[in-house]
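Notes follow once the structure below has been shown.
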Amino acid sequence: MSVAPILTRALRYGAILAIAVAVLGGTIGLLVFGMPGLWGGVLGAALAALFMGVTAASILLAARLTTGDPGSPLFFGVVLGAWVLKLVAFLIAAIWLRTQDWLDPYVFFGSVIVAVLGSLVVDVLAFQRSRVPYVSDVVLPGEGDDERP
């Protein structure tokens with residue numbers, strides 16, 4: 001069983017969400033705070049989209065490295081390592097961007113929060129709408145009828 005269809009759908013939905021948050025956040029930020037608000041909305045959505053992509057890429061890489069064994073410690077190590085790197089990168093970006101005059105920190109924070117919460121909803125929707133079997137090696141009644149004596 002492969003997680004690629006679920007992750008592909010989640011990335012597609014996430015891209016749509018990020019564009020919507022960038023447009024709405026940037027527009028609201030521009031109207032309220034001017035150009036720093038626009039940059040805050042767009043950058044917050046872009047950062048959230050980048051981190052969604054890193055999550056999907058780390059899961060795909062971990063699945064490939066462990067040849068499909070999700071119980072492998074290597075799988076968890078790769079995914080957890082990517083999450084730790086994302087946390088450190090986000091903290092560095094947030095601390096650095098907080099001091100920039102060309103960026104409104106409130107619009108940035110708001111767009112990041114909306115994008116992260118939206119990405120949780122997007123991930124759930126992608127999982128629910130994917131048609132991936134969760135049982136394997138099952139023979140249903142009527143299948144294999146040509147093997148009867």
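We count residues from 1, following the sequence as given.
Hydrophobic clustering, with ILVMFWY side chains joined whenever heavy atoms are under 4.5 angstrom apart, keeps Val121 apart from Val124. Tracing side-chain contacts under 4.5 Å through hydrophobic residues (I, L, V, M, F, W, Y), one reaches Phe76 starting from Trp83; they form part of the same cluster. Tracing side-chain contacts under 4.5 Å through hydrophobic residues (I, L, V, M, F, W, Y), one never reaches Leu17 starting from Phe90; they form parts of separate clusters.
In plain terms, the two heavy atoms of Phe127 and Ile6 that are nearest each other are CD1-CD1, 3.9 Å. Among all heavy-atom pairs drawn from Phe75 and Ala62, the shortest one is CD1-CB, 3.4 Å. Closest heavy-atom contact between Asp123 and Ala10: OD1-CB, 3.6 Å. Of all the heavy atoms in Pro5 and Ser130, the pair that sits closest is O-OG, 4.3 Å.
Atom-to-atom distance recorded for Thr67:OG1 and Leu74:CG is 9.5 Å, nearest 0.5 angstrom. Atom CG of Leu60 and atom CG of Leu7 lie 5.0 Å apart (nearest 0.5 Å).
Applying the 6.0 Å contact sphere to CH2 of Trp102 captures more than 12 heavy atoms from other residues, nucleotides or ligands.
Proximity of Trp39 to Leu97: side-chain heavy atoms (C-beta onward) are nowhere separated by under 4.5 Å.
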Let me have the donor-acceptor pairs involving side chains of residues 106-117, under 3.5 Å, with sequence neighbours excluded, atom names and distances please.
| residue | atom | partner | partner atom | Å |
| --- | --- | --- | --- | --- |
| Ser111 | OG | Gly40 | O | 3.3 |
| Ser111 | OG | Val107 | O | 3.2 |
| Ser111 | OG | Phe108 | O | 3.0 |

Would you mind writing out the side-chain donor-acceptor pairs for residues 47-56 within the sub-3.5 Å range, not counting sequence neighbours?
| residue | atom | partner | partner atom | Å |
| --- | --- | --- | --- | --- |
| Thr55 | OG1 | Phe51 | O | 3.1 |
| Thr55 | OG1 | Lys86 | NZ | 2.2 |

Show me the side-chain donor-acceptor pairs of residues 18-34 shorter than 3.5 Å, one per line, residues at least two apart or across chains.
| residue | atom | partner | partner atom | Å |
| --- | --- | --- | --- | --- |
| Thr27 | OG1 | Val23 | O | 2.6 |

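Under the 3.5 Å distance criterion, the side-chain polar atoms of Ser72 are left unmatched by any main-chain donor or acceptor of Asp69.
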